[in-house]
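One structure is given here, and the rest of the page talks about it.
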Amino acid sequence: MIDNEFEKTFIRTSNPNIFKAGTLFDNPEAFHELMMHYYCAIREVTTKLEVLNDELSLKSRHSPIEDIRSRVKSPESIAEKLHKKGLEPTTANIVRNLDDVAGIRVICSFVDDIFDIANMLASQDDITLIESKNYIKFPKDNGYRSLHLIVEIPIFLSGGKKPMKVEVQIRTIAMDFWASLEHQLKYKKNISNAEEISLELKKCADIISATDLRMQDIRNKLNNSN
């Protein structure tokens, strides 16, 4: 899934992220090392998710996870978020104040799969659940739905283990499709009919939610039939 993403993004000196870190942060070398740690944490959590999916696929002949995507925030995004919090761009402030530098998005077929995967991941003895936000039961005002977890996981380095935080977002295929379109509305500039589109998206979010629940109900009936 990740395939040397850290090397592709940060290590190759031809990539402008190296120079961006140098101009945005007090200690570029420390920042570079911290980003590597976040990529390692993503690998650890992704492996756990893939193992769970393999096991559940074998037991039930149903793969609860359709896709796993990951990213580490860009230097600009990290610096901007610290600035909004009134904090200096230091690695210490990143670790203490930002929980979503490393992010994993898990796409499931059914709503029940979301909570099954979340519970199984959080129950593993080397995972610490820091925070859970259920935007499925309590959607945002714009209609956004997803389950957000902040987990802490140790990575094992040459000098010992280090706890790292990772944000895990788990949602259905339909929720993810909706979120990708809403993201375009949020960040695209000069939209003349933005309010109208926003209202349409909210209606779609409600329809999608109802459809997800109906599909879950159909699946339950199929599973319970002889």
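Worth saying up front: this structure is predicted, and the values here are computed from it rather than measured. Position 1 is the first residue of the sequence, and the numbers go up from there.
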If you apply the rule side chain to side chain contact (heavy atoms under 4.5 Å, CB included), what do you find for Arg69 with Asp176, and how did you get there? CA-CA 12 Å; Arg69 307 168 196 164; Asp176 187 61; 2.9 Å; yes

Kindly compute the distance separating CG (Leu157) from SG (Cys40), expressed to the nearest 0.5 Å. 6.5 Å

Report yes if the side chains of Ser146 and Ile170 come closer than 4.5 Å at any heavy-atom pair, otherwise no. no

Can you measure from OH (Tyr39) to CE (Met164) and round to the nearest 0.5 angstrom? 12.5 Å

Does the side chain to side chain contact (heavy atoms under 4.5 Å, CB included) test come out yes or no for Ile218 and Leu222, once each step is laid out? CA-CA 6 Å; Ile218 292 169; Leu222 289 171; 4.2 Å; yes

Taking the side chain as everything from C-beta on, heavy atoms only, tell me whether Met175 gets closer than 4.5 Å to Ile114. yes

Distance check, rounded to the nearest 0.5 Å: Ile153 atom CD1 versus Lys162 atom NZ? 14.5 Å

ILVMFWY network linking Leu129 to Leu147, side-chain heavy atoms under 4.5 angstrom: yes

Determine whether a donor-acceptor pair (N or O, by modelled atom type, separation under 3.5 Å) exists between the side chain of Ser77 and the backbone of Lys73. no

Contact between Asp100 and Lys81 at the side-chain level, heavy atoms closer than 4.5 Å - yes or no? yes

Do other residues, nucleotides or ligands put more than 12 heavy atoms under 6.0 Å from Phe156 CZ? yes

Begin with the C-alpha distance, continue with both residues' side-chain angles, and end with the deciding distance and a verdict on side chain to side chain contact (heavy atoms under 4.5 Å, CB included) for His148 and Asn134. CA-CA 6 Å; His148 289 200; Asn134 189 345; over 6 Å; no

Heavy atoms only: give me the nearest Val111-Gln216 pair and the separation to one decimal. N-OE1, 3.3 Å

Starting from the C-alpha separation in whole Å, work towards a yes-or-no answer on salt bridge (Lys or Arg N to Asp or Glu O under 4.0 Å) for Asp126 and Lys161. CA-CA 12 Å; Asp126 58 345; Lys161 68 179 181 180; over 6 Å; no

Examine distances only and state if a side-chain atom of Asn119 and a backbone atom of Phe115 form a donor-acceptor pair shorter than 3.5 Å. yes

Taking the side chain as C-beta and beyond, is there a heavy-atom pair between Ile107 and Ile65 under 4.5 Å? no

Closest approach of Glu55 and Lys59, non-hydrogen atoms and distance? OE2-NZ, 2.8 Å

Backbone N or O of Glu88 within a donor-acceptor pair of the Asn93 side chain at under 3.5 Å? yes

Are Met215 and Thr211 side-chain neighbours, meaning at least one heavy-atom pair lies under 4.5 Å? yes

Regarding Asp26 and Thr90, do their side chains bring together a donor and an acceptor under 3.5 Å, going by distance alone? no

Report, as yes or no, whether the 6.0 Å neighbourhood of atom CE on Met120 holds more than 12 heavy atoms from other residues, nucleotides or ligands. yes

Taking the side chain from Asn224 and the backbone from Asn220, do they hold a donor-acceptor pair closer than 3.5 Å? yes

Derivation of the side-chain hydrogen bond (donor to acceptor under 3.5 Å, both in side chains) call for Arg171 and Gln169: CA-CA 7 Å; Arg171 58 182 66 155; Gln169 299 179 0; 2.8 Å; yes

Measure the spacing between SG of Cys204 and CD1 of Ile197 and express it to the nearest 0.5 Å. 11.5 Å

Kindly assign one of parallel, tilted or perpendicular to the pair Phe25 and Phe31, based on the angle between their ring planes and the thresholds 30° and 60°. parallel

Ile208 backbone acceptor or donor facing Arg145 side chain under 3.5 Å: no

Going by an N to O cut-off under 4.0 Å, is there a salt bridge joining Glu80 and Lys84? yes

Which value, rounded to the nearest 0.5 Å, describes the distance between Ile42 atom CD1 and Ile68 atom CD1? 12.0 Å

Would you find more than 12 non-hydrogen atoms of other residues, nucleotides or ligands less than 6.0 Å from His62 atom NE2? yes

Joint hydrophobic cluster, Ile150 plus Val45, side-chain heavy atoms closer than 4.5 Å: no

Using a cut-off of 6.0 Å, state whether more than 12 heavy atoms not belonging to Glu66 lie near its atom CD. yes

Can you list the steps and then say if Asp212 with Arg214 is a salt bridge (Lys or Arg N to Asp or Glu O under 4.0 Å)? CA-CA 6 Å; Asp212 268 337; Arg214 290 183 69 181; over 6 Å; no

Transitive ILVMFWY side-chain link Leu87 to Val101, under 4.5 Å: yes

Could you please spell out the steps behind the salt bridge (Lys or Arg N to Asp or Glu O under 4.0 Å) verdict for Asp113 and Arg219? CA-CA 11 Å; Asp113 292 334; Arg219 179 202 183 193; 3.2 Å; yes

Supply the atom-to-atom distance Glu167 CD to Lys133 NZ, rounded to the nearest 0.5 angstrom. 8.0 Å

Is there a side-chain contact between Leu98 and Lys165 (heavy atoms, below 4.5 Å)? no

For residues Ile136 and Leu213: do they belong to one hydrophobic cluster (side chain heavy atoms under 4.5 Å, members Ile, Leu, Val, Met, Phe, Trp, Tyr)? no

Could you tell me whether the side chain of Asn27 and the main chain of Ala30 form a donor-acceptor pair under 3.5 Å? yes

Beyond-backbone contact of Leu49 with Ile104, side-chain heavy atoms, under 4.5 angstrom: yes

Would you check, one step at a time, whether the test side-chain hydrogen bond (donor to acceptor under 3.5 Å, both in side chains) holds for Asn142 with Glu182? CA-CA 9 Å; Asn142 65 353; Glu182 193 274 338; 3.1 Å; yes

Looking only at heavy atoms, the pair that brings Ser57 and Asn53 closest together is OG-O, 2.6 Å

Please determine whether side chain to side chain contact (heavy atoms under 4.5 Å, CB included) holds for the pair Glu44 and Ile155, giving the CA-CA distance in whole Å, both sets of side-chain angles, and the decisive distance to 0.1 Å. CA-CA 7 Å; Glu44 294 283 352; Ile155 61 170; 4.2 Å; yes

Closest approach of Leu52 and Leu121, non-hydrogen atoms and distance? CD1-N, 4.1 Å

With the threshold set at 4.0 Å, does a side-chain nitrogen-carboxylate oxygen contact exist between Asp67 and Arg105? no

Short side-chain to backbone donor-acceptor contact, Ser60 and Leu56, under 3.5 Å: yes

In the structure I gave you, are the side-chain heavy atoms of Lys202 and Ile207 within less than 4.5 Å of one another anywhere? no

Heavy-atom pair of closest approach, residues Pro89 and Leu82: CA-CD1, 3.8 Å

Taking all heavy atoms of Trp178 and all of Gly143, pick out the closest pair and write down the distance. CH2-C, 3.8 Å

